[in-house]
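By convention in this document, chain letters (A, B, ...) are assigned in the order of the sequence lines, proteins followed by strands, and residues within each chain are numbered from 1.
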Protein chains: 2
Amino acid sequence: MAPRAKDNQEGRALLTLRERILGGVLPGGTRLFEVPLAEEMRISRTPLRAAMSRLAEEGLLERARGGGFLVRAFTVADVIDAIELRGVLEGTAARLAAERGVPEARLAEMRALLETLEGCFGAGRAVAFERYAGLNGAFHDALQHLPGSEIIARELQRTKTLPFASPSAFLPDEAAHAAFEHSLFYAQAQHRALVEAISAREGARAEAIAREHARLARRNLDHLIRTKAPGAPISPALALVID
Amino acid sequence: MAPRAKDNQEGRALLTLRERILGGVLPGGTRLFEVPLAEEMRISRTPLRAAMSRLAEEGLLERARGGGFLVRAFTVADVIDAIELRGVLEGTAARLAAERGVPEARLAEMRALLETLEGCFGAGRAVAFERYAGLNGAFHDALQHLPGSEIIARELQRTKTLPFASPSAFLPDEAAHAAFEHSLFYAQAQHRALVEAISAREGARAEAIAREHARLARRNLDHLIRTKAPGAPISPALALVID
DNA sequence: CTCCGCCTGAATGTATACATTACCGCCCCC
DNA sequence: GGGGGCGGTAATGTATACATTCAGGCGGAG
């Protein structure tokens, strides 16, 4: 019937472009010209255009007036709004899950994730940060995919994959680690409270906790902006990791 | 440099497909085969695929596993969630606008829109419904595009253009008009209160009003489901109009 | 000197032929 | 009788040539 191989030309172009955009090789506002890109990747313009179209769907590119694609540019204000939006959507997902009920097995999975997250606080600082970020992402994924709302999960997915900057290029340095460490304890406490609220079917409380959780990320971002040297690249991704 | 004409093949395919999907000619789950569609439209597969890709971006189509596109199918639960989501996003937009401040000129425009909306209540019933729906849409557009959050406006736009069904195919009948009429007065009162709250920079109040506004739509949808004959087509669009 | 118009180049839009692959039914073997 | 492999077929993936259109420069005329 039809191919679904992921090692096709479109897939390769998709990965290459996404990597370059997230890696900062292609700054926001850059126009992507089909011919040179296709020649460089040794593919034809057809799968390249398909890949660009999918990246537009993801929100990494935007269509230029008159045709063609631009790398989407984000401002600090956009990042702040995205954090706000994420808090609102996660809050809604948590509230709906609480109101509509969640199977005990799913809640048990999330509690297990929280146990593992606790383990990060005993280990060495740098290593713990890496582990924490990964497990934290897993927890939020689980929260997003709680049963109760496909539609909201979809929007949340879009918001979480917004192409702010390269996560790896902006990992927090040691000083940032120290500054944010205390916030991690608070964040973890919020994680626990969130699961408890959903478990107790207290929707309003679950929503409030998720929002406060996002406010923590917002505060960390503000701190990062204040303490970074003026003109230094801000890490939007960092704010979304340390939440 | 590049063409920007909108009467190109892709544009025609886009309009044709969107019309058929929203018109219910292509029910949810229908697979769109490129070759027959392209032949019927007398265009080649290339612009047709581009059009389908854009429709996937809009949320009207989804990519099938193994390639190709399906018309996205929505359940009643999806519509309920979409109403919920819309209330949440409009609430957030209203809150942020209130917190961050809105130029008086913009508020004046919205107040003028409200004045016009009031006019619908004096006229004949059927005519007023049509006018009300249009003006109501304009009001919500204005709300969406209040300064303060591009990111949230974007998500809101996606939510509002979700392809539930043909609006025209499901316009409420006379009985529905009567049943919903009283809710319009309440809705209009909420519109006024919303603008006042934003004007007074009371963010929390603005958000609460927007949410309650969505709850009204939800209640109308529930009523519609209960009173319609079982098996009769439900109008998701109606619920989004009469809010 | 200025302005209008053509002309050329560069970029995307489109058509079409060909390649690839997933699905489905058939057949063989167990 | 059932399951697994195998091929045909239909649909999408890809390449390439050509069409279209816009922008900008260049030249000629007023």
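Counting only heavy atoms from C-beta on, B:Ser44 has its side chain closest to C:dT14 among D:dG13, C:dT14, D:dA15. Distances were taken from every side-chain heavy atom of A:Arg31 (C-beta onward) to each of D:dT12, C:dA11, C:dT14; the shortest belongs to C:dA11. Considering only side-chain atoms of B:Gln9, the nucleotide from C:dT12, C:dT14, D:dA15 that sits closest is C:dT14. For B:Arg45, the side-chain atoms get nearest to D:dG13 when compared with the rest of C:dA15, D:dG13, D:dC18.
Between B:Asn8 atom CG and D:dA19 atom C1' there is a gap of 13 Å when expressed in whole angstrom units. At whole-Å resolution of the value, CZ in A:Arg49 and P in C:dA11 are 14 Å apart. One atom, CZ of A:Arg65, and another, P of D:dC22, lie 10 Å apart when rounded to the nearest Å. The distance from atom CG of A:Leu14 to atom P of D:dG13 is 13 Å, rounded to the nearest whole Å. Note: CG (B:Leu32) to C1' (D:dT12) measures 13 Å, nearest angstrom. Between A:Ile43 atom CD1 and C:dT20 atom P there is a gap of 16 Å when expressed in whole angstrom units. Across the protein-nucleic acid pair, A:Glu34 atom CD and C:dG13 atom C1' stand 9 Å apart, rounded to whole Å. Distance CD (B:Glu39) to P (D:dT12): 12 Å, rounded to an integer number of Å.
Neither side chain, A:Ser149 nor A:Arg154, offers a donor N or O lying under 3.5 Å from an acceptor on the other. For the residue pair B:Gln144/B:Gln157, the side-chain donor-acceptor check at 3.5 Å is satisfied. For the residue pair A:Ser53 and A:Arg63, a side-chain donor N or O sits within less than 3.5 Å of a side-chain acceptor on the partner.
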For this session: In sequence, state the C-alpha distance, the side-chain angles, and the governing distance for A:Ile83 and A:Arg86, and then conclude on side-chain contact (heavy atoms from CB on, under 4.5 Å).
Result: CA-CA 5 Å; A:Ile83 292 175; A:Arg86 184 182 171 184; 5.7 Å; no

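The heavy-atom pair separating B:His140 from B:Lys160 by the smallest distance is O-NZ, 3.3 Å.
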Exercise. Tell me, what's DNA chain D's dot-bracket, Watson-Crick or G-U with both distances under 3.5 Å, | for other-strand, [ ] crossing?
Worked result: ||||||||||||||||||||||||||||||

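Looking at heavy atoms from C-beta onward, B:Glu84 lies in side-chain contact with A:Leu96 at the 4.5 angstrom threshold.
Residue B:Leu48 is classed as having no contact, given no heavy-atom separation below 4.0 Å to the nucleic acid.
Side chain of B:Thr30 to backbone of B:Leu26: no donor-acceptor contact under 3.5 angstrom is found.
Comparing A:Arg42 and B:Pro36, the nucleotide of DNA chain D nearest to each residue sits closer to the 5' end for B:Pro36.
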